[in-house]
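Shown next, in structure tokens, is the structure this report addresses.
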Amino acid sequence: MIKITLPDGNALEFDAPVTGRQVAEKISPRLAKAALAATKNGKAFDLDRPIEEDSEIKILTFDDPEGKEVYWHTTSHIMASAVVRLFPGTQVTIGPAISKGFYYDFDRDKPFTPDDLEEIEKEMARIIQEDYSFHRTELDMDNAKKQFSEMGEDYKLELLDEFEDEIVSTYTHDDFTDLCRGPHLPSTGYVKAFKLLSTAGAYWRGDERNKMLQRIYGISFPKQKMLDEHLRLVEEAKKRDHRVLGTQLQLFTITDEIGAGLVLWFPKGAFIRHQIEKFWYEEHFKNGYKLVNTPHIASIDLWKTSGHLDFYSENMYPSLELDNTTYQLKPMNCPFHIMIYKSDIRSYRDLPIRWAELGTVYRHERSGTLHGLLRVRGLTMDDAHIFCSADQMPQETRRVIEFSLHMLRSFGFDKFNIYLSTRPPKSVGSEEQWEAATESLRNTLEEMGIDYEVDKGGGAFYGPKIDVTLEDNLGREWQCSTIQFDFNLPERFNLSYIGSDGKQHTPYMVHRALYGSMERFFGTLIEFYGGYFPLWLAPEQARVLPISEKHNDYARSVADQLHKAGIRCEVDDRSEKIGYRIREAENQKIPYMLILGDKEKESGVISVREHKVGDHGQSNIDDFVRMVQEKVRNKEIFESTTQTEEKS
RNA sequence: GCCCAUGUAGCUCAGUCGGUAGAGCACAUCCUUGGUAAGGAUGAGGUCACCGGUUCAAUCCCGGUCGUGGGCUCCA
């Protein structure tokens, strides 16, 4: 007899060996039916693999993240076997489950076409129909290498070379065998609904020096309805894409007549940006920052001294020759702030110095990485540099982290990821400097009790950093705030301050941006709000809609009163029906529509309609003004805005 | 940068198996003055991204350039 302990603490006794499936059957027929795999002592385990000794067992269904992983990973094996059936000679490489689905990378001369995908789907359907069981085989390294060498699977051999385990496992269904840790679904028939979504080129191991493989992405579910729902949600998400909303709401455009990655801010977008910047200035003054302003180009010598020419040149635009001087368009603001520091003798009494600038920089990002507002070539950083003494450093980093979180929360963000980025391969400074600086940042994070992940090798060339990322609407992560330690520039520029001991010391330096850049922050805001900007940001807070021509005068007098109260509103008195004009205001995502007809005119009130919600009924003007002012003051966000749009 | 896809009116998209293009919305004018998401009529609007090639003829086929989209380790 062996003892099987369940997640709820209850224990069941079985004759050994027992399988996860038998355990599930004992618990309930429903669980047995939904069971996909198990975990044994916390590690994923095939449902039909014998358990010989006392264990903690959890049965995995599609509701468990690990269950989904098994489901998707198995589907990727099914896809691989279909591809090998249809296109003999294709080498398989790796095919993991990812957060939403799976992919598999193949080495094949010809990329897959959409027609190929259809064929592959049909073949997968056959393989699922034929319901092959998955068999796990364990073998030692020599045999594994022999087997995959005979199969001609070079990539698997490369993987095997890196494994440290003595025993590896393979999974076989039908006549397809793949090197795989597992576990898998019991059989191919477990996959009920799937779809291949896209193809892409992907470098072997993500390294562009390696061969480009052909990747196929897909997803699967235990029910067709779940697949349909998933596809619907993806479609809905596309409507919140900042590029789509940017056009629809006339916020910005990027056109090749200007250049890739260069943004034209339309009046409405520029207004929102202005509000964001105004808030930024106010908060920076409150937090002890002073403003500076600096030019867009500078003598190339500055960039030689700073090290940018050596370490950042691939992202820099070519230099300009003029009057026997070579100028360089700036990719960063830091050297300028440093020169301001150097313009005077600094005392320890002056520190910390905090200088901020909305500084526009140009970076030649690789063409394939450009993406709407989220990765551009001309951008305005909400930059600042802090110069301080060594012992002020922990305090200053802490202040910046708190400041950053305060700023982001003011916009309603409450979900972000925080990373500690360590030394990259191409970088300056000694090992000791990196070690000390990284530890300092780590300590600050830990003292503040902040959860973070380590991004190994993700630091700037001049020092380690803390990054805050926000996710876009399709789950892609983008860097927002960044707080970077720099022990390079103060040395290169020979910065100093006079300490209380009367001697010269080198200051520490922090680079930081809280929004990251105005462009990217705006892009994430558009998606976060789904275009429904909160009142304090909305370019037009209310639209006044007279029912017919005879109410135009009243409409104008209402608009006047609102203007005087500081509310941004327009009158739409075009000779269109009220329904039409409401529809237009809704499409433009204008927060309030004020409908004015005979009833309102007579009693001197307004009828208030809120976007996405509908008619709120009548209100007097003062009450409405107070309500709007209150929401503006609180930076209140519309509840409906952060939810997925219903289908319209 | 690399792989694949793609570029037609302001926007969203049809279309031409090679004979210089079409819809809806938006826009303009007129009619309509209408109570909470599309009233009607008429009209204007395109070097079919750009450069080159094949052809009697190219928006369509071919090559190149530029742009855009998806992707380029969430490791067996």
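All heavy atoms count here, side chains included; hydrogens, waters and symmetry mates do not. A quick note: this is a predicted structure, and the numbers were derived from the prediction, not measured. We name chains A, B, ... by the order of the sequence lines, and we start the count at 1 in each one.
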Is the count of non-hydrogen atoms from other residues, nucleotides or ligands lying under 6.0 Å from D109(A) atom CG greater than 12?
-> no

Within the structure shown, what part of the strands sits under 4.0 Å from D598(A) by heavy-atom distance: base, sugar-phosphate, or nothing?
-> base

Determine whether any donor atom in the side chain of Y203(A) lies under 3.5 Å from an acceptor atom in the base of G71(B), or the reverse, and answer yes or no.
-> no

Using the ring of each side chain (for Trp, its six-membered ring), is H308(A) parallel, tilted or perpendicular to F461(A), with breaks at 30° and 60°?
-> perpendicular

What about S575(A): does its side chain form a donor-acceptor pair under 3.5 Å with the base of U33(B)?
-> no

For the pair made of OH in Y104(A) and P in C3(B), what is the distance, rounded to whole Å?
-> 24 Å

Using a cut-off of 4.0 Å on non-hydrogen atoms, how would the nucleic acid contact of P96(A) be classed: base, sugar-phosphate, or nothing?
-> nothing

Select base, sugar-phosphate, or nothing to describe what R108(A) touches, counting heavy atoms under 4.0 Å on all strands.
-> nothing

How is S607(A) classified with respect to the nucleic acid when contacts are heavy atoms under 4.0 Å: base, sugar-phosphate, or nothing?
-> base

Taking any strand in view, what nucleotide pairs with U54(B) in a Watson-Crick or G-U wobble way, both distances under 3.5 Å?
-> none

Take atom CD in E257(A); do more than 12 heavy atoms of anything else shown fall under 6.0 Å from it?
-> no

Determine the Euclidean distance between corresponding P atoms of G39(B) and G22(B); express it in Å to zero decimal places.
-> 28 Å

Ranking S548(A) and I595(A) by the position along RNA chain B of their nearest nucleotide, the one closer to 5' is S548(A)

Determine which nucleotide pairs with U16(B), using a 3.5 Å limit on both distances of a Watson-Crick or G-U wobble pair.
-> none

Base, sugar-phosphate, or nothing: which does R476(A) touch, judged by heavy atoms less than 4.0 Å apart?
-> sugar-phosphate

With respect to the phosphate group of U32(B), does any side-chain polar atom (N or O) of Y580(A) fall under 4.0 Å of OP1 or OP2?
-> no

Let me know the distance between CD1 of I578(A) and C1' of U36(B), rounded to the nearest Å.
-> 7 Å

Without hydrogens or angle criteria, can the side chains of Y155(A) and D105(A) be said to hold a donor-acceptor pair below 3.5 Å?
-> no

For I94(A), report the nucleic acid contact type (base, sugar-phosphate, nothing); a contact means any heavy atom under 4.0 Å.
-> sugar-phosphate

Would you say the side-chain atoms of H135(A) and T172(A) include a donor-acceptor pair closer than 3.5 Å?
-> no

Under 4.0 Å between a side-chain N or O of R215(A) and OP1 or OP2 of C72(B)?
-> yes

Base paired to C74(B) (Watson-Crick or G-U; both N/O distances under 3.5 angstrom) | none

Quick one: label A97(A) by what it contacts on the DNA or RNA (base, sugar-phosphate, nothing), any heavy atom closer than 4.0 Å.
-> sugar-phosphate

note: R375(A), atom CZ; C72(B), atom P; distance rounded to Å ~ 13 Å

Contacts of T93(A) and E600(A) projected onto RNA chain B by closest heavy atom; the upstream (5') one is E600(A)

Are the side chains of K550(A) and D598(A) in touch, meaning some heavy atoms are under 4.5 Å apart?
-> yes

What is the base-pairing partner of C27(B), counting Watson-Crick and G-U wobble geometry with both distances under 3.5 Å?
-> G43(B)

Q588(A) has an atom CD; how far is it from atom C1' of A38(B), in whole Å?
-> 15 Å

Readout for nucleotides 63-68 of chain B: B = base within 4.0 Å of protein heavy atom, S = sugar-phosphate only, - = neither; 5' to 3' it is ----SS

Classify the nucleic acid contact of H551(A) as base, sugar-phosphate or nothing, counting any heavy atom under 4.0 Å across all strands shown.
-> nothing

So, do Y132(A) and F176(A) have ring centers that fall under 6.0 Å from each other?
-> no

With a 3.5 Å cut-off and just heavy-atom distances, do the side chain of R609(A) and the base of A37(B) make a donor-acceptor pair?
-> yes

Give the rounded distance in Å between these two atoms: CG of D615(A) and P of U36(B).
-> 9 Å

A38(B): pairing nucleotide in any strand, Watson-Crick or G-U under 3.5 angstrom = none

Is any side-chain nitrogen or oxygen of R181(A) closer than 4.0 Å to OP1 or OP2 of C75(B)?
-> no

Provide, to the nearest angstrom, the distance between the CG atom belonging to L374(A) and the C1' atom belonging to G69(B).
-> 14 Å

Ring-ring centroid check F106(A) Y104(A), cutoff 6.0 Å | yes

Tell me the partner of U68(B), counting only Watson-Crick (N1-N3 plus N6-O4 or O6-N4) or G-U wobble (N1-O2 and O6-N3) with both under 3.5 Å; none if nothing fits.
-> A5(B)

Sugar-phosphate only, base, or nothing, as touched by G579(A) at under 4.0 Å among non-hydrogen atoms = sugar-phosphate

Flag the pair D46(A) / F134(A) as yes when at least one side-chain heavy-atom distance between them is below 4.5 Å, and no otherwise.
-> no

Take atom CD of E166(A) as the centre, draw a 6.0 Å sphere, and report whether it contains more than 12 heavy atoms from other residues, nucleotides or ligands.
-> no

Touch class at under 4.0 angstrom, heavy-atom based, for Y155(A) against every strand present | nothing

Hey, does A200(A) reach any base, or is it just sugar-phosphate, or nothing, if we go heavy atoms under 4.0 Å?
-> base

d(CZ, F102(A); P, G71(B)) in whole Å = 16 Å

How is E584(A) classified with respect to the nucleic acid when contacts are heavy atoms under 4.0 Å: base, sugar-phosphate, or nothing?
-> nothing

Phosphate contact (G34(B) OP1 or OP2) by R581(A) side-chain N/O below 4.0 Å = no

For D207(A), answer base if it contacts any base atom (sugar-phosphate contacts may also be present), sugar-phosphate if it contacts only those atoms, and nothing otherwise; contact means non-hydrogen atoms under 4.0 Å.
-> nothing

Taking CG from L117(A) and C1' from G71(B), how many angstroms apart are they, rounded to a whole number?
-> 13 Å

